[in-house]
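Have a look at the structure below before the remarks.
The analysis underlying the following values was restricted to heavy atoms, covering all of them including side chains, and did not include hydrogens, waters or symmetry mates. Here is the naming used below: chain letters follow the sequence lines, and residue numbers restart at 1 for every chain.
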Number of protein chains: 2
Amino acid sequence: MDQVTRPKHAVPQPRVTSFDVAALAGVSQSSVSRAFSKRSNISEDTRQKIFEAARKLNYVPNSIASSLTTRRSNIIALIIGDLKNPFYVRMLHAFSERLQAEGRQILAFTAGPDDDTDAVMMRVLQYQVDGIIVTQARLSMRMTGLSHERGIPIIFFNRYVPGSDASCVRCDNAAGGRVLAECLLRAGAKSFAMIAGEARATTSHDRISGFVERLRESGVRPQDIETAEGFSTYDGGVIAIQKLLKDRKAPLPDALFCINDIMAMGAMDVMTHSYGLSVPTDIMVASFDNIPESGRLPYQLTTIEQPLDAMITETLKLLHLDDPGSGIELGLDRPIPGPLIWRATIPGSAPDAATLATL
Amino acid sequence: MDQVTRPKHAVPQPRVTSFDVAALAGVSQSSVSRAFSKRSNISEDTRQKIFEAARKLNYVPNSIASSLTTRRSNIIALIIGDLKNPFYVRMLHAFSERLQAEGRQILAFTAGPDDDTDAVMMRVLQYQVDGIIVTQARLSMRMTGLSHERGIPIIFFNRYVPGSDASCVRCDNAAGGRVLAECLLRAGAKSFAMIAGEARATTSHDRISGFVERLRESGVRPQDIETAEGFSTYDGGVIAIQKLLKDRKAPLPDALFCINDIMAMGAMDVMTHSYGLSVPTDIMVASFDNIPESGRLPYQLTTIEQPLDAMITETLKLLHLDDPGSGIELGLDRPIPGPLIWRATIPGSAPDAATLATL
DNA sequence: ATGAAAGCGCTAACAA
DNA sequence: TTGTTAGCGCTTTCAT
């Protein structure tokens, strides 16, 4: 008779609760609760007794139940975009590690540019998260209002909504733009092109405006700066540079400013592989972010590093995770300067720090 | 008198619950609950009345509270590693989108190779997640046991623990290795080198073993295949190729097999920029994953694509999110074949599908 | 179709 | 220090 091999199945056991542990340890249920909470009045003796019972039963406290009473979930919502820019991958990972180290977790929400971010936000609110970090996404004022009204702090990371009452932590993009302009000028560049991201992206806008401002101060007329726009991705950079180079009669600009490294990579690949150009001999390049890829052999980008650790520290500070009662400050803006990373896409050596500081 | 500008503060309002909505709508609290749950006995009339009241009060159901009773949180834990390999970034994003589309969210846990994964797992269990996906991380048998005992399914994604009772969804790595070996052989390669990942990584092991097996069948002795090992990252690829090329007297091998694209990128960058070699003229290259970077101008990698969508579909199927009562099958293994993506790192054209199918 | 009431597993007064 | 008790906001029988 055929004996078919059936898959083994795991049979779920009834849940072990703090009552079971209490019974086994011979104490009350509230003692169990105390045993598992930091700084609470309980003798080391009974705590150990309880831990042992818990271990025997494989008991793990149910944090869903505890958040119901404490009104704290230890969960932070992170609303992210498409992760096509490695900077946001780094950010996600860094946030996750930092939060996990202090006993919190990230609940991930994705919101593409075409998604209804308000609908995503309604989902976020369902989870009674302790805080919300928004990046690469737009949010209506109504939604930030709903969040604040519930006592949930919300921080825009590297992005702000002018006129909004939500706080923002970001790299000082305009300052970085000025620094790169200065570097290019000192390296002797006279003519310039720019690759910008989407117009509504505040990061792109600010970097460009700082860059253009510094050039204007040096006598370069803004209308003389060629500009191509694209999505803030590798492919966006590819398309933008093609717009600039295709059927070109005019001489090449001396320098190309890209609003981020990933677009610069796309642009450089096209320039070197499709047009046979050399960087920085034929054209200098400068950009923004210092993603890990920027230091690789084919790129060696001179760039402004986004001070990720400091930005995260500041974000966590503004979130007031440890003293939720303190209320939510509104409309804070925290621009953090990013260091210049000097590599090979601008000839010569970096201006000294003192010079850059006076910009 | 000085009037210091103080930051505005948001004042948290008392929470709006289903009772408040019920009161405003003039119905019972349980009706409110029904109104917000799919397929439940409630007249369209009262449902609308309730929705209107909810809207007026900005009511959002508290899913923490609901998971307490339903024992379902609609949260899936995803345990990930360092995200240095873009493949896992793609995976994370794809999982997040797929789950979000069906009303579930990802709770992210990071576990570095040196972290105590069991401690991470205990944290996971606290959250009463509906399922666990593990990737780039190891787990002890005891932990998978704890999870199964609680009725929480756990799937290893692209990774398996031999002898474990947890199920696994993965690319058919050995088959892919065989295909690439065949491609290289047909392109005329006679001598081979390999860049492998960490020894304990099952993906690396399986890809290598499929590759070597096919070569052996064609008369290439395994001991004649040069091998360098490294971390499965870009830098790992850089270091591995340097081991192979530094102070090299022997002629170059005809072909280089890398266990993934990101290592292949590191290796190619060193070969082209530091050693002036051309691919595939001086050496052919083949690898695995088909990350977005593989198609970029400097690489144009011929590679096996990880069938991400199919892998995710299979993972979600095994998770049985929609019928939790059905029990957890143990020890399933789901290898999914990945298509060959033919680009420029092997000369000539791809073997036809029929040939590859007979491998 | 609707309402009343009993939990889900935990925390936090309050009492002892 | 420990135990008792009343919720947290919801779902789900069970009546009506």
Side-chain angles (χ1 to χ4, degrees), chain A residues 12-50 53-54 57-75 125-130 150-151 324-325, chain B residues 12-50 53-54 57-75 125-130 150-151 324-325:
Chain A
Q13 316 292 315
R15 287 198 181 186
V16 175
T17 74
S18 54
F19 281 93
D20 302 316
V21 178
L24 181 59
V27 298
S28 75
Q29 179 271 336
S30 43
S31 293
V32 177
S33 172
R34 288 188 186 105
F36 280 93
S37 93
K38 291 290 156 219
R39 54 178 170 57
S40 55
N41 302 327
I42 190 168
S43 71
E44 196 50 36
D45 216 42
T46 52
R47 167 170 266 150
Q48 288 312 324
K49 217 165 48 183
I50 290 169
L57 297 174
N58 285 328
Y59 169 76
V60 177
N62 181 334
S63 64
I64 293 283
S66 96
S67 23
L68 194 55
T69 31
T70 59
R71 291 152 170 271
R72 313 237 74 215
S73 59
N74 287 323
I75 292 177
L125 292 177
Q126 296 199 349
Y127 282 99
Q128 316 289 308
V129 296
D130 295 346
R150 282 167 169 69
Chain B
Q13 315 292 315
R15 286 196 182 188
V16 175
T17 74
S18 54
F19 281 92
D20 302 317
V21 178
L24 182 58
V27 298
S28 75
Q29 179 271 336
S30 36
S31 293
V32 177
S33 174
R34 288 189 185 104
F36 279 93
S37 91
K38 291 287 155 220
R39 53 177 171 58
S40 56
N41 302 326
I42 190 167
S43 71
E44 197 50 37
D45 217 40
T46 53
R47 168 170 265 149
Q48 288 312 324
K49 217 165 49 183
I50 289 169
L57 298 173
N58 284 328
Y59 169 77
V60 177
N62 180 335
S63 64
I64 294 283
S66 95
S67 18
L68 193 56
T69 31
T70 59
R71 290 152 171 271
R72 314 237 74 217
S73 59
N74 287 322
I75 292 178
L125 292 177
Q126 296 198 351
Y127 282 99
Q128 315 291 307
V129 295
D130 294 346
R150 283 168 169 67

### Query
Over how many whole Å does the gap from B:R71 atom CZ to D:dG9 atom P extend?
21 Å
### Query
A:N62 versus A:T17: any side-chain heavy-atom pair under 4.5 Å?
no
### Query
Which part of the nucleic acid, if any, lies within contact of A:V32, taking any heavy atom under 4.0 Å across all strands shown: a base, the sugar-phosphate backbone alone, or nothing?
nothing
## Note on the structure
Side-chain atoms of B:S31 come closest, of C:dG3, D:dC10, D:dT2, to C:dG3
### Message
To the nearest 10°, give me the bend of the helix from C:dA1-D:dT16 to C:dA16-D:dT1, comparing the axes of its five terminal pairs at either end.
### Response
30°
### Query
Under 4.0 Å between a side-chain N or O of B:N41 and OP1 or OP2 of C:dA1?
yes
### Query
How far does OG1 of B:T69 sit from CD1 of A:I64, to the nearest 0.5 angstrom?
11.0 Å
### Query
Under 4.5 Å between any side-chain heavy atoms of B:N58 and A:L125, yes or no?
no
### Query
Does any non-hydrogen side-chain atom of B:S31 lie less than 4.5 Å from one of B:T46?
no
### Query
Between atom OG of B:S28 and atom CD1 of B:I50, what is the distance when rounded to the nearest 0.5 Å?
7.5 Å
#### Entry: Close side-chain approach of B:P324 and B:R72, heavy atoms under 4.5 Å
yes
### Task
Send over the distance from B:I42 CD1 to C:dT2 P, rounded to a whole Å.
6 Å
### Message
Students often get this wrong, so: under 4.0 angstrom with heavy atoms, is A:S63 touching a base, only sugar-phosphate, or nothing?
### Response
nothing
### Task
Kindly point out which of D:dC8, D:dC10, D:dG3 is positioned nearest to the side chain of A:L68?
D:dC8
### Task
Check step by step if side-chain contact (heavy atoms from CB on, under 4.5 Å) holds for A:V27 and A:V32.
CA-CA 8 Å; A:V27 298; A:V32 177; 4.2 Å; yes
### Query
Whole-Å distance between D:dT5 P and A:F19 CZ?
11 Å
### Query
B:N62 CG to D:dC8 C1': how many Å, rounded?
9 Å
### Whole-Å gap separating P (C:dC10) and CG (A:D20)
9 Å
### Message
Can you tell me if A:S28 touches the phosphate of D:dT4, counting only side-chain N or O atoms and a distance under 4.0 Å to OP1 or OP2?
### Response
no
### OP1 or OP2 of D:dC10 under 4.0 Å from side-chain N/O of B:Y59
yes
### Task
State whether A:T17 places a side-chain N or O below 4.0 Å from either non-bridging phosphate oxygen (OP1 or OP2) of C:dC8.
no
### Query
Side chains of A:N74 and B:Y127: does their closest heavy-atom pair fall under 4.5 Å?
yes
### Query
For A:S67 and D:dC8, is the shortest distance between a side-chain N/O and OP1 or OP2 below 4.0 Å?
no
#### Entry: Length of the line joining B:Q128:CD and D:dC10:P, which is rounded to integer Å
19 Å
### Heavy-atom side-chain contact between A:S43 and A:K49 under 4.5 Å
no
### Summary
Rounded to whole Å, the NZ-C1' distance (A:K49 to D:dG3) equals 13 Å
### Query
Pick the nucleotide of DNA chain C nearest each of A:V60 and B:V27; which residue has the one closer to the 5' end?
B:V27
### Query
Over how many whole Å does the gap from A:R15 atom CZ to C:dC10 atom C1' extend?
12 Å
### Query
Roughly how far, to the nearest 0.5 Å, is the CD atom of B:Q126 from the OG atom of A:S67?
10.5 Å
Can you tabulate the close N/O pairs, meaning under 3.5 Å, that link protein atoms to atoms of nucleotides 12-16 of chain C?
{"residue": "C:dA13", "atom": "N6", "partner": "A:R34", "partner atom": "NH2", "Å": "3.3"}

